[in-house]
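Beneath this line is the structure, given in C-alpha cells, with notes to follow.
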Amino acid sequence: MKGPLSSLDVEARKDLVERQYNLLRETKDKFNAFIHLREFESIIDEVEGKEGPLTGFLIPVKDNIAVAGLPNTCGSRMLENYVSPYDAHVINLLKRLGGVVVGKTNMDEFAMGNSGETSYFGPTLNPWDRDRVPGGSSSGSAVAVAWDGFASLGSDTGGSVRLPAAYTHILGLKPTYGTLSRYGLISYADSLEQIGLFTRFSLDMAYLLYYLMEYDPRDMTMYSGNVRDVVRKNLKMVFEGKYSVDGLKMAYSNQLITLCEEPVQKKVFDAIDKMEGLGVKVFDVDMDFVEPSLSIYYIIAMVEASSNLARYSGENYGYRVDAGSYWESVRKTRSIGFGDEVKRRIIMGTYASSKGYEGKYYIRALKGRRWVKERLNKLLGLYDFLVLPVSPRLPPRLGEAIGPDGYIIDIFTVVPNLTGNPALTIPIGLVDGLPTGIQLIGNYFSEPDLIFLGYLMEGKIYDPYLSPRGVD
Ligand code: GLN
C-alpha cells in the first residue's frame, strides 16, 4: 500500500489497477463484500481508454446507487434482477473524470440496518474478525476500503457510512445535506440521506469530494449557492497541502461518552486528549439533544421509508408474484419480495403517519427534529465542531444485534442526518484487535476543516496503514 492514490501521477496509478482489483476480488470471496463484481478484462479496457483526474481509481459502489448496465438490487430480493438503465449523477462525474466503477457492494436491504446482515445476498463479514459484523448499511463498501482499497461510495441516512468506517478502521464522510447529488440514489428516507465516501487517506477524501460535488439541477435539494465554490477551493488547498486552521474549539460530552462500553470510552477519551496535543481547544458541554434523537430519527426514517417503498408493487419493475387479482398479487409480491426488517419499517412508518396517530408520532418527531437542529446549531455557534463516539460498542458478533435490539447502536450517528450537518468518522485504533472510531460534526459546509483535522490526526492518533491484511 502506497500513500494516497490522488497524489500519484496517472501512470503510477494505472500500475496499481491490477493489484487493486485483486484485493477487491478477495473481499468478495472472503467477506461477501460484493453483490456484483465486474470482470477484470472489461475494467482494464475501460481504464486504458481514459485519462482524467480520477484515472486509476477503481471504485466499488453501494448497490443502491444507479450505474447503467449493472445490477441495482439494494440488497433486496425485490430488485434481484433489476439492472439500472441510467447513471446516478455522481457516477456520471466519476466516469467522465476517468474513474471506473468496479462493481456493486453488499448492503443492508434498502439501507435499513447497521450491521450488513439484512441483505438478501447474505451478511458481509468484518475482515478484522470474520465472526463479527463490519457495520452497515454500507457494509461492502467499507470492507473494500478496509482491505486496502483506496475509496468507495456509500449512502448515509442515519450513520451507514460513518458506522462501518469505524468498525473497519477507515475514514467515512457524510457530507452536508445538499452537497452531493442524490439523483440516482434509491431513496430510503430522502430528507435524511446523502451519498457518502469511504477512503483510507484524508487527502483522497478531499480529492474525491472536490470532484464529485458538482451541482446537479436534477436533485432539487442540492445547495446551489456560491458556498459550493468556496468549499471546493478549500478542499483543493487541503489535498494540495496548502490548507491550515488553528485555534479550533471542540466540544465533547463526558456524560455521553460514558454511555459507551468501557474499552470504547477509554479509547475515545484518549483520542480527545491527543487532539488537545494537536492544538485543538477542548470543552466538556451538555448535549441533551443526542439521546432523544434516536427515536425522532427512527420515526421519521420509517415514515419516509413507508412512502418511498410504496412503488415496489410488482406492477412496473422488480420482483412480481402473479396471484390472479391485483391486490392479491401486490400483497404476495411485497410479502415475499421484502425481508423482515423492511416490512417492519413499512408497517411502523405507515402506522406512525396514519390519521389519528400522526400527531402523536410523526408530527411530534418533526417538532423534535427542529429542536435538535436548534440545539446543535447553537453549540456550533460557540464551538467549531463537536466530537462524539461513532458507536457505543465494538463490532457485534453476527446475529447479536439484529432488528430493534440493534437500533441503539445508532445513538451517536443520527444527529447530523436530522440536522443536515457534515460528519466525518476518523479511526482511533484497535481495542482487543477490533477497530473503533470517533466522529467530528461541523457547521454546514465545513468539510475542508473536518478532513484537514483527519489529516492532522494521521500518523498521530491513528495509523492509516493499519490494515486487517497486515503489512505488505
Ligand atoms: N441504521 C440506521 C437505519 O437503519 C441507518 C441506516 C443508514 O444510514 N442507511 O435506519
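Each ligand, and each atom within it, is numbered from 1 in the order the structure gives. Numbers for residues simply follow the sequence, beginning at 1. Here the structure is a predicted model, which means the values were calculated and not measured.
Ligand 1 has at least one atom lying under 4.0 Å from a heavy atom of Gly159.
For the residue pair Glu447 / Thr176, a side-chain donor-acceptor distance below 3.5 Å is found, with atom types taken as modelled. If you check the side chains of Ser76 and Glu109, you find a donor sitting under 3.5 Å from an acceptor. Between the side chains of Asn106 and Ser139, not a single donor N or O lies within less than 3.5 Å of an accepting N or O.
The shortest N or O to N or O distance between Gly158 and ligand 1 is under 3.5 Å. Residue Met112 places no N or O, backbone or side chain, under 3.5 Å from any N or O of ligand 1.
Contact annotation: for Arg345 versus ligand 1, heavy atoms closer than 4.0 Å belong to the side chain alone. When heavy-atom distances to ligand 1 are checked against a 4.0 Å cut-off, Ser160 comes that close through both its backbone and its side chain. Contact annotation for Thr157 and ligand 1: heavy atoms of both the backbone and the side chain come within less than 4.0 Å of the ligand. Residue contacts with ligand 1 for Tyr188 involve side-chain atoms from C-beta outward but no N, CA, C or O (heavy atoms, distance under 4.0 Å).
With sequence neighbours excluded, the residues satisfying side-chain hydrogen bond (donor to acceptor under 3.5 Å, both in side chains) with Asp449 are Tyr243.
Protein heavy atom in closest approach to atom 5 (C) of ligand 1: Tyr297 OH, 3.3 Å. Regarding atom 1 (N) of ligand 1, its nearest protein heavy-atom neighbour is Asp410 OD2, 2.8 Å.
With respect to Glu315 and Arg320, a salt bridge is recorded, a charged nitrogen being found less than 4.0 Å from a carboxylate O. Taking the charged nitrogens against the carboxylate oxygens, Lys266 and Glu262 have no contact shorter than 4.0 Å, which rules out a salt bridge.
Within the structure, every pair that satisfies the ring pair (Phe, Tyr, Trp, His ring centres under 6.0 Å) test and touches residues 295-314, not counting sequence neighbours, is listed here: Phe110-Tyr312, Tyr298-Tyr407.
Under a 4.0 Å criterion applied to the non-hydrogen atoms of Ala111, ligand 1 contributes the atoms 6 (C), 7 (C), 9 (N).
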